[in-house]
Amino acid sequence: MKTFYATTPIYYVNDLPHIGHIYTTVVTDVVTRFRRLSGEPTRFLTGTDEHGQNIEKAAAAQGIPPLALADRVVERYHQLYRTFEIRNDDFIRTTEARHRRGVEALIARIAAAGDFYTAKHEGWYCSSCEAFYTEKELDPEKRCPVHATATAWESEENVFFRLSKYAGPLLEHYERHPEFVRPESRLAEVASFVRGGLNDLSVSRSKVRWGIPFPGHPGHVVYVWLDALANYITALGFGSPEDRFYREFWDHPEAERVHFIGKDILRFHAVYWPAFLLSAGLPLPTTVWAHGWWLRDAKKVSKSVGNVVRPDALVAEFGPDAFRYFLMREMAFGQDASFSDEAFLTRYNADLANDLGNTVSRVAALCRQSFGGTPREVCTDNEIVGAFGDAEAEWRAAMTACQFARALEAVWRLLTAVNGYVVAKEPWKIRKQEGADSARLHRVLSASAEGVRLAAVMLSPFVPFTSRRIFETFGMMAADPTASDLAWGRLPVSAPMPELPALFPRADAAAYFQKETAMTESAASPAPAAPEDDRIAIEDFQRVRLRTAKVLVAERVPKSNKLMRLEVDLGGERRQIVAGIAAQYAPEQLVGRNVVVVANLKPAKLMGVESNGMVLAASVGEAGAPVLLDVPADVPPGSKVK
RNA sequence: GGCGGUGUAGCUCAGCUGGUCAGAGCAAGCGGCUCAUAUCCGCUGUGUCCGGGGUUCAAAUCCCUGCACCGCCA
């Protein structure tokens, strides 16, 4: 029997949930709801990645065991899932015994294939990355390219996986299964990477303690990705006697297995993971679907314009369904999209309030006013039947291809058809002329209401709560629909219809932004650490004018331990800048040195001395000791830094 | 530097293997209805389909080249 299995990545508990997590999870939820609605046996897995040095450290910093830290974050995810009505069948945590058992089983198979060997692994190790770097990847002072913190030369015996051996088989697999990576352009990227040759992968760590002990290698734990990726099968019971789900949803000729991921972790899913599986002789996933990122609209910073990004506020104000709808409708799946409150409000009003909400409201009102309930007969011969057939076919094709925006457009065409039909038939006139008993009136409203009901069925994967409300409005049970509901003529006859509040009351965008602005401004205190995406757009960065400068004069600011008064050459312009570096640098170390400065900073007075800019320095260690950024002596002063 | 992608109406984007492909939605303008959440229905426009070459009877669609932006790798 054909089965469908979909997963999100397991989320690292070092990070609180943000829009990226919400998006991937909602996508997977929509897809699995669609499959269930189509009657396919379906399984939806998500979970958390809880091992690694970073977790160990973060927990130690808070004085709690790592597992307690993980518990807290896991609770945040559960909350999130309740809010958005995520219907996952399982939630795996890498600290669970079933996961460990599965990882051990996977490792046993790879070992049996002879794909592990031990060798000395040396290099510059960054403990934050839990990774080794080569000399040329580091700056001259051997600092980590990601964290800019000191790395240490480490040398240890590690277990290696013969990844190099699988470059050929992987390329062959890509060739034979072009659907293995979606979208297509990503497959090209991955293939290009593999064609460049693969190095064997170190898959054990002795520096890390918080992890799964590597079988047969005391003191070593399993490398985080080998541990984490395995979740997709360990959650199904792989390696356990109770592996019914594994046999049904993974190791089965007709099982479809899809990983939804962000494009940032494509390589792990499309290279490492299938290589592990090939080695272990297990089936590969059918498709790895890499979606894009939500970028922030940063055209204007003015809050009154309405580009304040506050997903929490939007969800609170307009509800999780509106947010789910926006995410699925606005992003062309696979590409990046930009997020703005403005776009959200536009979609909300145009699509949800006007089209969906108003159509439900008008058809329901017509029925209620005419019959006090649903029509007494089912009309099977009308223009809406055909519109539904077309919409359903398009919707199904688009959903199967993960073209969510298209699927939604198809449903909206059905809504437009209903509205056009209502306008053409003018049921309010029929009622006046022929009375509420008119058979024609019953048929017209039956067709209209049935169109709305079917739109709600097709929308149920996207906006489950709203769909149930629509069913309720038309006298049905407020339950998730099943495959048989997706056929014409299932609207109950002469059923009482409760009068419910508007689904999506029209929003006054101007008033909303005014309120948000007021709230933002009144929140003078530091914003709470919201689990938000804090990436910025390139335009944000470009507002900062960074320039190189040569220090001409340096002297300590009287009565200050930290402040140093500098006069710098900014390429023809002489500037006075005060920098808090006197504790670490002597004036004579500074004169003649090249530095990087922020050239367009508003002037400020420090200890009575005016400063016109800021010298950039890395902030090192707990105390944040400044370490000036180096600029080679031959870079002329005033050069742009970008 | 290598590989790949993108560039289509004011905005967001559809346009597969070349021949109603010059489109949809939003925004704008005009008209209509009044059942409905000032909602709905109909009509209307602007586009050097990034620039330049080429193949072809025919190219937004294929090839070459230039520019801009983006991604992966180094």
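Values reported hereafter were calculated over all heavy atoms of this structure, with side chains retained and with hydrogens, waters and symmetry mates removed.
Phosphate contact (OP1/OP2 of B:C35, side-chain N/O of A:Lys425, threshold under 4.0 Å): absent.
B:C35 and B:C26 have their P atoms separated by 24 Å, with the value rounded to a whole Å. Rounded to whole Å, the separation between the P atoms of B:U6 and B:U61 comes to 13 Å. As rounded to the nearest Å, B:G25 and B:A36 have C1' atoms that lie 22 Å from one another. The separation of B:C11 from B:U44, taken at their P atoms, amounts to 23 Å, rounded to a whole angstrom. With C1' as the reference atom, B:A60 and B:G52 are 16 Å apart, rounded to whole Å. Taking atom C1' in both B:U55 and B:G19, one finds a spacing of 16 Å when rounded to whole Å. Rounded to whole Å, the C1' atom of B:U8 lies 15 Å from the corresponding atom of B:G51. Comparing the same atom, C1', in B:C43 and in B:G5 gives a spacing of 39 Å after rounding to whole Å.
The partner of B:U55, taking Watson-Crick or G-U wobble pairs whose two distances both stay under 3.5 Å, does not exist in any strand shown. Pairing for B:A68 is with B:U6, a Watson-Crick or G-U wobble pair whose two hydrogen-bonding atom distances lie under 3.5 Å. Pair assignment for B:A36: none, as no Watson-Crick or G-U wobble contacts are both less than 3.5 Å. Across the strands present, B:A60 finds no partner; the criterion is a Watson-Crick or G-U wobble pair with both atom distances under 3.5 angstrom. In this entry B:G25 has B:C11 as its Watson-Crick or G-U wobble partner, both defining distances falling under 3.5 Å. Nucleotide B:G47: unpaired (no Watson-Crick or G-U wobble partner with both distances less than 3.5 Å). Base pairing of B:G42 is made with B:C30, judged by Watson-Crick or G-U wobble geometry with both donor-acceptor distances under 3.5 Å. Across the strands present, B:G1 finds its partner in B:C73; the criterion is a Watson-Crick or G-U wobble pair with both atom distances under 3.5 angstrom.
Nucleic acid contact class of A:Arg195 (heavy atoms, under 4.0 Å, all strands): none. At a threshold of 4.0 angstrom between heavy atoms, the contacts of A:Pro505 include nucleobase atoms, whether or not backbone atoms are also involved. In this structure, A:Gly196 reaches neither bases nor backbone, as no heavy-atom distance under 4.0 Å exists between it and the strands shown.
In terms of position along RNA chain B, the nucleotide closest to A:Arg506 lies nearer the 5' end than the nucleotide closest to the other residue of the pair A:Arg506 and A:Phe193. For the pair A:Arg431 and A:Asn358, both in contact range of RNA chain B, the more 5′-proximal nearest nucleotide belongs to A:Arg431.
Regarding A:Leu445, its CG atom lies at a distance of 9 Å from the C1' atom of B:C35, rounded to whole Å. Rounded to whole angstrom, the span from the CG atom of A:Leu503 across to the C1' atom of B:U39 amounts to 14 Å. B:C41 atom C1' lies 13 Å from atom NZ of A:Lys429, rounded to whole Å. The distance between atom CD of A:Glu426 and atom C1' of B:A36, rounded to the nearest whole Å, is 14 Å. Following rounding to the nearest Å, A:Trp412 (CH2) and B:C13 (P) show an atom-to-atom distance of 19 Å. Between the CG atom of A:Asp264 and the C1' atom of B:C73 there is a distance of 16 Å, given to the nearest Å. Separating the CD atom of A:Glu189 from the C1' atom of B:G5 is a distance of 8 Å, rounded to the nearest angstrom. Residue A:Leu408 contributes atom CG, which lies 16 Å from atom P of B:C13 at whole-angstrom precision.
With salt bridges taken as basic N to acidic carboxylate O contacts below 4.0 Å, none links A:Asp390 and A:Arg413. With respect to the salt-bridge test (charged N to carboxylate O, under 4.0 angstrom), the residues A:Arg453 and A:Glu450 qualify. The pair A:Arg162-A:Asp200 does not meet the salt-bridge criterion, since no charged nitrogen lies less than 4.0 angstrom from a carboxylate oxygen. A salt bridge links A:Arg347 with A:Glu330: the distance from a Lys NZ or Arg NE/NH1/NH2 to an Asp or Glu carboxylate oxygen falls below 4.0 Å.
Using the six-membered ring where Trp is involved, A:His291 and A:Tyr23 have ring planes that are perpendicular, over 60° apart on the 30 and 60° scheme. Relative ring orientation between A:Tyr348 and A:Phe504 is described as perpendicular, the plane-to-plane angle rising above 60° on a 0-90° scale split at 30° and 60°.
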Could you pull out the protein-nucleic contacts involving nucleotides 24-29 of chain B (nitrogen or oxygen on both sides, under 3.5 Å)?
none

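When distances are taken from the side chain of A:Ser185 to each of B:G5, B:U37, B:C35, the shortest belongs to B:G5.
When A:Phe326, A:Phe344, A:Tyr325 are each tested for a ring-ring contact (aromatic ring centres under 6.0 Å, His included) with A:Phe318, only one passes: A:Phe344.
Counted within 6.0 Å of CD on A:Glu184, heavy atoms from surrounding residues, nucleotides or ligands total 12 or fewer; the atom is thus considered open.
For residues 372-382 of chain A, the salt bridge (charged side-chain N to carboxylate O under 4.0 Å, His left out) pairs, not counting sequence neighbours, are A:Arg376-A:Asp437.
Residues A:Cys367 and A:Pro375 have side chains in contact (heavy-atom distance under 4.5 Å, counting atoms from C-beta outward).
Side chain to side chain, A:Arg362 and A:Asn419 meet the donor-acceptor criterion of an N or O pair below 3.5 Å. A:Thr25 and A:Tyr11 are linked by a side-chain donor-acceptor pair at a separation below 3.5 angstrom, with hydrogens and angles left out of the test.
Scanning residues 359-382 of chain A for heavy-atom distances under 4.0 Å to RNA chain B yields A:Ser361, A:Arg362, A:Ala365, A:Leu366, A:Gln369.
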